[in-house]
Protein chains: 2
Amino acid sequence: MRISTKGRYALRVMIDLAEHPGEDRVPLKDIAARQEISEKYLESIIAVLSKASYVDAVRGKGGGYRLSRPAQTYSAGSILRLAEGSLSPVSCLDSDEPCIRASQCRTLPLWEGLDRVIDDYLDQYTLADLAKPLDASTQIEK
Amino acid sequence: MRISTKGRYALRVMIDLAEHPGEDRVPLKDIAARQEISEKYLESIIAVLSKASYVDAVRGKGGGYRLSRPAQTYSAGSILRLAEGSLSPVSCLDSDEPCIRASQCRTLPLWEGLDRVIDDYLDQYTLADLAKPLDASTQIEK
DNA sequence: TAAATCCCTACCTGACAAGTGGGAAAAATG
DNA sequence: CATTTTTCCCACTTGTCAGGTAGGGATTTA
């Protein structure tokens with residue numbers, strides 16, 4: 001039940017952007033260097049974020065990326081679901097048409113509940129909570 | 001973030017055993033037939049359950065498997081953790097020695113909380129809740 | 001012209017999921 | 001004792017996917 005690097009790196013990119021609001025545009029090269037992730041690989045990850053308008057890209061010299069909304073408006077769950085494709089623990093929760101044996105399935109309610117619990121938890125956390133967590137006042141109580 | 005067939009099948013095996021307490025010993029062949037899973041593959045899955053004494057095996061003619069404890073005493077989480085190895089969403093939660101950068105890590109608290117939420121949820125469900133779910137009185141309120 | 005995003009294709013490597021196959025050992029039954 | 005029915009054990013296969021790497025070309029903007 002692992003979160004892949006896509007999701008984890010996407011989150012780190014977003015956090016990095018949230019922590020560098022001063023620099024108006026942040027080039028991918030800088031993010032890659034700070035996060036110690038290959039620029040090439042990050043390119044494919046940030047492309048997804050960009051297409052979904054989670055970040056705002058500007059080309060050319062002096063260009064780079066920027067969050068397109070305030071950090072508090074992104075939930076960790078939304079970023080992870082976007083990057084991972086899906087967070088659901090079993091594939092039958094993804095397809096729109098329910099499984100034929102759904103009514104007999106002993107475990108379906110378990111998975112549905114698990115899916116809900118995961119989503120609910122991850123949707124509580126915002127990007128603002130994750131950036132600069134040294135400031136204790138922005139932390140969620142656990 | 002998928003649960004693999006190992007975990008899912010292990011759960012189905014345990015549910016199947018819980019639903020057939022009358023037959024003192026249930027041969028794997030019967031479980032495989034009912035669950036429509038290859039006997040050979042199930043063999044490797046039930047071996048893990050057997051080694052952990054989750055089930056009780058008797059060889060030879062008339063032999064088979066049986067739950068070694070009452071169904072209410074197994075949590076879904078314990079079965080899944082056993083079969084899957086680990087349910088944690090990131091590998092750094094598995095190693096006993098913490099990551100060097102743990103104190104700087106922006107996302108560690110998020111993963112720790114997620115891990116806890118998943119475990120807590122899955123540990124609520126018992127095998128007795130999952131077997132014969134048509135009896136509404138045994139269901140967990142969601 | 002340099003620095004940046006964007007977009008494409010292709011490839012690699014290793015790990016792991018998901019199984020298959022063969023046979024040995026144990027226990028009951030005839 | 002032989003046979004059948006079962007668990008138990010080890011090796012092997014097959015395919016998929018994560019997690020990248022490599023390279024180039026087009027476009028945009030200071």
Side-chain angles (χ1 to χ4, degrees), chain A residues 1-13 17 20 23-33 35-68 80 83-87 89-91 94, chain B residues 1-13 17 20 23-33 35-68 80 83-87 89-91 94:
Chain A
M1 274 263 291
R2 291 277 150 86
I3 298 276
S4 76
T5 54
K6 278 181 195 163
R8 287 182 354 246
Y9 290 180
L11 210 49
R12 285 168 64 183
V13 165
L17 286 174
H20 293 85
E23 308 150 45
D24 201 34
R25 298 289 172 176
V26 184
L28 191 57
K29 195 201 290 183
D30 294 7
I31 303 176
Q35 301 295 325
E36 297 179 90
I37 301 172
S38 128
E39 201 179 331
K40 263 302 186 191
Y41 191 38
L42 269 197
E43 199 184 301
S44 67
I45 286 164
I46 207 164
V48 176
L49 297 170
S50 183
K51 265 173 197 147
S53 298
Y54 276 40
V55 298
D56 190 32
V58 167
R59 293 177 164 197
K61 201 166 190 176
Y65 296 95
R66 181 169 70 176
L67 294 184
S68 47
L80 289 171
E84 294 276 312
S86 161
L87 291 179
V90 291
S91 59
D94 283 341
Chain B
M1 276 262 291
R2 291 275 150 86
I3 299 277
S4 75
T5 53
K6 278 181 196 164
R8 289 186 345 250
Y9 290 180
L11 211 49
R12 285 168 63 183
V13 166
L17 285 174
H20 294 85
E23 308 150 46
D24 202 34
R25 298 287 172 177
V26 184
L28 192 56
K29 195 202 290 184
D30 294 7
I31 303 176
Q35 300 296 326
E36 296 179 271
I37 303 172
S38 129
E39 198 179 334
K40 265 306 186 187
Y41 189 40
L42 269 197
E43 202 183 297
S44 66
I45 286 163
I46 207 164
V48 176
L49 297 169
S50 183
K51 266 173 197 146
S53 297
Y54 274 43
V55 299
D56 190 32
V58 167
R59 292 179 165 194
K61 204 165 187 174
Y65 297 94
R66 180 170 68 177
L67 294 184
S68 45
L80 289 171
E84 293 277 311
S86 162
L87 290 178
V90 291
S91 59
D94 283 341

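Numbered from 1 within each chain, the chains take letters A, B, ... in sequence-line order.
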State, to 0.1 Å, how close [X] and [Y] come at their nearest heavy-atom pair, and which atoms those are.
X      : Y      : value
G62(A) : R25(A) : O-CB, 3.7 Å
A57(B) : S50(B) : CB-OG, 4.1 Å
S53(A) : S68(A) : O-OG, 2.6 Å
M1(A)  : I3(B)  : CG-CD1, 3.5 Å

In whole angstrom, give the distance that lies between atom [atom1] of [X] and atom [atom2] of [N].
X      : N       : atom1 : atom2 : answer
R25(A) : dT28(D) : CZ    : P     : 16 Å
M1(A)  : dA17(C) : CE    : P     : 14 Å
R2(B)  : dA17(C) : CZ    : P     : 14 Å
I31(B) : dT7(D)  : CD1   : P     : 8 Å
L49(A) : dC6(C)  : CG    : C1'   : 15 Å
E39(B) : dT7(D)  : CD    : P     : 7 Å
R66(A) : dT5(C)  : CZ    : C1'   : 15 Å
D56(B) : dT6(D)  : CG    : C1'   : 15 Å

Is the shortest heavy-atom distance from the side chain of [X] to the side chain of [Y] under 4.5 Å?
X      : Y      : value
R8(A)  : T5(A)  : yes
I31(A) : R12(A) : no
K6(B)  : S44(B) : no

Between G64(B) and E43(A), whichever has its closest DNA chain D nucleotide further toward 5' is G64(B)
Is a side-chain N or O of E84(A) found less than 3.5 angstrom from the main chain of S4(A), in a donor-acceptor match?
-> yes
Choose from dC8(D), dT5(C), dG24(D) the nucleotide whose nearest atom is closest to any side-chain atom of K40(A).
-> dG24(D)
Would you indicate which nucleotide in dT7(D), dT5(C), dA22(D) comes nearest to any side-chain atom of L28(A)?
->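 Selected nucleotide: dT5(C).
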Tell me what S44(A) touches on the nucleic acid: a base, only sugar-phosphate, or nothing, going by heavy atoms under 4.0 Å.
->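 No contact at all - S44(A) keeps every heavy atom at 4.0 Å or more from the nucleic acid.
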Select base, sugar-phosphate, or nothing to describe what I46(A) touches, counting heavy atoms under 4.0 Å on all strands.
-> nothing
Compare side-chain N and O positions of K29(A) against OP1 and OP2 of dA4(C) and report whether any pair is under 4.0 Å apart.
->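 So the side chain of K29(A) is within the cut-off, an N or O lying under 4.0 Å from OP1 or OP2 of dA4(C).
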Check whether any side-chain N or O of S38(A) sits under 4.0 Å from OP1 or OP2 of dT21(D), and answer yes or no.
->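 Checking S38(A) against dT21(D): at least one side-chain N or O falls below 4.0 Å of OP1 or OP2.
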Using the 3.5 Å cut-off, write out each protein N or O paired with an N or O of nucleotides 16-19 of chain D and the distance between them.
{"from": "dG19(D)", "atom 1": "OP2", "to": "T5(A)", "atom 2": "N", "distance (Å)": "2.9"}
{"from": "dG19(D)", "atom 1": "OP2", "to": "T5(A)", "atom 2": "OG1", "distance (Å)": "3.0"}
{"from": "dG19(D)", "atom 1": "O5'", "to": "T5(A)", "atom 2": "OG1", "distance (Å)": "3.4"}

Using the 3.5 Å cut-off, write out each protein N or O paired with an N or O of nucleotides 24-30 of chain C and the distance between them.
{"from": "dA26(C)", "atom 1": "O4'", "to": "R59(B)", "atom 2": "NH1", "distance (Å)": "2.7"}

For V13(A) and Q35(A), run side chain to side chain contact (heavy atoms under 4.5 Å, CB included): C-alpha distance rounded to whole Å, both residues' side-chain angles, the deciding distance at 0.1 Å, then the answer.
-> CA-CA 8 Å; V13(A) 165; Q35(A) 301 295 325; 5.8 Å; no
Applying side chain to side chain contact (heavy atoms under 4.5 Å, CB included) between L49(B) and each of V55(B), L67(B), L17(B), report the one that passes.
->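 That would be V55(B).
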